[in-house]
Amino acid sequence: GAVVSQHPSWVICKSGTSVKIECRSLDFQATTMFWYRQFPKQSLMLMATSNEGSKATYEQGVEKDKFLINHASLTLSTLTVTSAHPEDSSFYICSARGPSTNEKLFFGSGTQLSVL
Amino acid sequence: QKEVEQNSGPLSVPEGAIASLNCTYSDRGSQSFFWYRQYSGKSPELIMSIYSNGDKEDGRFTAQLNKASQYVSLLIRDSQPSDSATYLCAGSGGSNYKLTFGKGTLLTVNP
């Protein structure tokens, strides 16, 4: 299957700081990337959808000014959690698909964010 | 609202048995369905995809799709302790292929 790399795997930060998470497709062109968050024992919650070169489309209830998404190239998307607070602590997962993946979605390894 | 429903479990089966996981969906426009396996603290891993009615087999895994009844299932034959994980069912449709996930079923295979 296709490979999606996500970094960092985990991050601890102080309240009020910003954190950037990177998601890269290593062996395919990711025309669409999705960002999810997952709380313990809960399912994946879609935060936003980004198409390369376009502004991200955010799901209802997700603050676009707090969760900045950039998808500037066909292999890289970033999620920046601005002014993070303890309630933003969660497992963030990116996923990607492209013309060569036949609708299948491949996931990055996830980032565990802990805001103190 | 598009929904995907799964039995939350937990589902417990003995080693070597068949584990049966079920999923129903509400959006008749959904065309593609996927089963993901997620170990605790890890991201989901694609196991099976199915697009047309009937069965699709891959090793010990068989996915079944019935669009008339709007259900998808996953059978795991000869279950192993390493199969213990949460299994997520997902459906997609539309031009953006946005997946809608179920809440997942926790499977435990007992040695």
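All chains are named by letter (A, B, ...) in the order of the sequence lines, taking the proteins before the strands, and each is independently numbered beginning at 1.
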Rounding to 0.5 Å, atoms CG (B:L106) and NZ (A:K41) come to a distance of 7.5 Å
Q: Would you confirm whether A:S43, through its side chain, and B:G102, through its main-chain N or O, come within 3.5 Å as a donor-acceptor pair?
A: yes
Exercise. Return yes when atom NZ of A:K64 has more than 12 non-hydrogen atoms of other residues, nucleotides or ligands closer than 6.0 Å, and no otherwise.
Key: no
*asked:* How about NZ on A:K20, more than 12 heavy atoms from neighbouring residues, nucleotides or ligands closer than 6.0 Å, or not?
replied: no
Turns out that what part of A:Q38 lies under 4.5 Å from chain B's heavy atoms comes down to side chain
Answer whether the closest heavy-atom distance between the side chains of A:L46 and B:F101 falls below 4.5 Å.
no
Can B:Y25 be reached from B:L74 by stepping across I, L, V, M, F, W or Y side chains whose heavy atoms are under 4.5 Å apart? yes
Rounded to the nearest 0.5 Å, the OG atom of B:S92 sits from the NZ atom of A:K104 at a distance of 12.0 Å
State yes or no: do A:L74 and A:L76 share one hydrophobic cluster built from I, L, V, M, F, W and Y residues joined by side-chain heavy-atom distances below 4.5 Å, directly or via other members? no
Heavy atoms from other residues, nucleotides or ligands near CD of B:Q64 exceed 12 (cutoff 6.0 Å): yes
| field | ILVMFWY network linking B:L107 to B:V4, side-chain heavy atoms under 4.5 angstrom | value | yes
Honestly, the part of B:E45 sitting under 4.5 Å from a heavy atom of chain A is neither
### Task
Take atom NZ of A:K55 as the centre, draw a 6.0 Å sphere, and report whether it contains more than 12 heavy atoms from other residues, nucleotides or ligands.
no
Bottom line for B:K103: the part with an atom under 4.5 Å from chain A's heavy atoms is both
Output for pair (A:F34 CZ, B:L99 CG), nearest 0.5 Å, gives 6.5 Å
For B:S43 and A:G108, the nearest pair of non-hydrogen atoms, with its separation, is OG-O, 2.5 Å
For residues 84-94 of chain A against chain B, heavy atoms under 4.5 Å, the residues are A:F91, A:I93
Does A:L68 share a hydrophobic cluster with A:M47, counting links as ILVMFWY side-chain heavy atoms below 4.5 Å and allowing steps through other members? no
- B:L88 side chain reached by A:L44 side chain, heavy atoms, under 4.5 Å: yes
In this structure, would A:I21 and A:V62 fall into the same cluster of hydrophobic residues linked by side-chain contacts under 4.5 Å? yes
